[in-house]
Number of protein chains: 2
Amino acid sequence: MTASLSPDMFDAACPTTVMPFQIGDKWTAMVVLCLEGGPRRFTELRVPLRTVTPKVLSATLRSMERDGLITRFAYDENPPRVEYALTPLGRSLLTLVAAARTWCTDHLDDLLEARAAFAARD
Amino acid sequence: MTASLSPDMFDAACPTTVMPFQIGDKWTAMVVLCLEGGPRRFTELRVPLRTVTPKVLSATLRSMERDGLITRFAYDENPPRVEYALTPLGRSLLTLVAAARTWCTDHLDDLLEARAAFAARD
DNA sequence: CGGTATCCGAAAGGATACTG
DNA sequence: CAGTATCCTTTCGGATACCG
């Protein structure tokens with residue numbers, strides 16, 4: 001079985017929020033990361049994505065489903081159970097997300113330094 | 001000397017506008033591409049970026065300068081001349097832009113197909 | 001549990017006109 | 001030439017509350 005997702009999976013002050021990348025909508029890349037280890041349920045995703053509202057998360061998921069990045073499977077059970085999983089297409093984003101994250105960690109200091117320098121002389 | 005930029009450098013119906021990536025603001029990645037071959041002037045950039053308004057282009061350029069992606073050099077001449085050029089940091093984005101573009105061309109068909117399928121059954 | 005409905009504020013981007 | 005000034009529309013994301 002897959003381990004549960006940590007509430008601390010995404011740092012609230014994560015440097016990547018400062019960085020000039022976006023894959024899909026605001027939460028798309030994080031959802032991809034959350035699904036890397038296997039299928040997840042709606043509420044399960046809300047744990048690491050602590051501040052996302054249900055409305056926005058469902059919109060994100062539907063848009064990702066629409067684009068073929070994830071599948072949505074609703075079990076015919078009560079209480080309801082729905083599982084989201086990466087498609088091969090969604091999985092193909094992982095390398096790109098990794099590349100973007102690498103760029104961010106590699107160059108965060110440069111960017112922050114540039115901002116400080118710019119603020120100083122203007 | 002560097003060849004001039006073509007007005008057709010960016011297809012108006014470019015597939016990448018459909019794709020789920022964004023580097024910086026809307027025009028950032030295109031500016032990076034425009035500057036790949038060497039320094040460019042404001043008006044020169046407006047040729048390939050046909051639909052960008054001066055207000056938005058100047059905001060984009062200032063934000064890129066602020067983040068250390070480009071330099072701005074104003075010659076002390078009349079009529080005025082200003083040149084924008086990639087910094088090493090900005091240049092380091094080129095590989096990432098290339099990776100994103102590769103992903104887009106490789107997977108555009110998949111994404112379009114997924115959208116059509118989604119639209120069909122809903 | 002897995003969402004939807006409604007309302008709202010902020011921000012991005014564009015249209016148009018003007019300037020040193 | 002290289003921008004700035006105003007205004008305006010659209011979009012995104014969040015707050016809150018409710019539903020099958």
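Quick caveat: nothing in here was measured; it's all calculated off a predicted structure. Each chain gets a letter, A, B and so on, in the order its sequence line appears, and its residues count up from 1.
- Following rounding to the nearest Å, B/E83 (CD) and D/dC1 (P) show an atom-to-atom distance of 14 Å.
- No donor-acceptor pair closer than 3.5 Å links the side chain of B/T60 to the backbone N or O of B/T28.
- Nearest-nucleotide mapping onto DNA chain C: of A/R62 and A/P79, the residue sitting toward the 5' end is A/P79.
- Residues B/F10 and B/C34 meet the side-chain proximity criterion, which asks for heavy atoms closer than 4.5 Å.
- Contact of the A/L61 side chain with the A/R72 side chain is not registered, since no non-hydrogen atoms from C-beta on lie closer than 4.5 Å.
- In the hydrophobic clustering of ILVMFWY residues, with side-chain heavy atoms under 4.5 Å counting as a link, B/W27 and B/V47 come out apart.
- Evaluation of the ring pair (Phe, Tyr, Trp, His ring centres under 6.0 Å) test over residues 51-75 of chain B, restricted to residues two or more places apart or in two chains, returns B/F73-B/Y75.
- End-to-end axis angle of the helix from C/dC1-D/dG20 to C/dG20-D/dC1, from C1' rotation axes over five pairs per end: 50° (rounded to 10 degrees).
- Within the 4.0 angstrom heavy-atom criterion, no nucleotide atom of any strand lies near A/Y75.
- The interatomic distance linking B/E65 (CD) with D/dA2 (C1') rounds to 14 Å, in whole Å.
- The distance between atom CG of B/N78 and atom P of D/dG3, rounded to the nearest whole Å, is 14 Å.
- Under the 4.5 Å side-chain heavy-atom criterion for ILVMFWY residues, no single connected hydrophobic cluster contains both B/L111 and B/F118.
- Here B/S58 reaches the OP1 or OP2 of D/dT4: one of its side-chain N or O atoms lies under 4.0 Å away.
- Remark: side-chain polar atoms of B/Q22 are paired, donor with acceptor, to backbone N or O of B/G24 under 3.5 angstrom.
- In this structure, A/I23 and A/V32 have side chains that are not in contact, with every pair of non-hydrogen atoms separated by 4.5 Å or more.
- For the side-chain hydrogen bond (donor to acceptor under 3.5 Å, both in side chains) with A/E44, the lone residue among A/R41, A/R46, A/R40 that qualifies is A/R40.
- Contact annotation: the side chain of B/E65 never approaches that of B/T71 to less than 4.5 Å [non-hydrogen atoms, C-beta and beyond].
- For the pair A/T87/B/D110, no side-chain contact is recorded, criterion being any heavy-atom separation below 4.5 Å from C-beta on.
- A donor-acceptor distance shorter than 3.5 angstrom exists from the side chain of B/T102 to the backbone of B/A98, with no hydrogens or angles considered.
- Atom P of nucleotide D/dT10 and atom NZ of B/K26 are separated by 14 Å, given to the nearest angstrom.
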Reading 5' to 3' through nucleotides 15-20 of chain D, protein heavy-atom contacts under 4.0 Å coded B for base, S for sugar-phosphate only, - for none: B----B
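- Shown for residues 27-46 of chain A: residues whose heavy atoms fall under 4.0 angstrom of DNA chain C, namely A/R41, A/F42, A/T43.
- Taking side-chain N and O atoms only, B/R72 has a distance below 4.0 Å to OP1 or OP2 of D/dG3.
- The ring pair (Phe, Tyr, Trp, His ring centres under 6.0 Å) analysis of residues 34-62 of chain B, with sequence neighbours excluded, yields no pairs.
- One finds a salt bridge joining B/E83 and B/R81 here, because a Lys/Arg side-chain nitrogen approaches an Asp/Glu carboxylate oxygen to under 4.0 Å.
- For B/D25 and D/dT11, the CG to P distance is 17 Å, given to the nearest whole Å.
- Along DNA chain C, read 5' to 3', the first and last nucleotides having any atom under 4.0 Å from a heavy atom of chain A are C/dC1 to C/dC7.
- Remark on DNA chain D: of its neighbouring residues A/T60 and B/Y84, the 5'-side contact belongs to B/Y84, judged by nearest-heavy-atom nucleotide.
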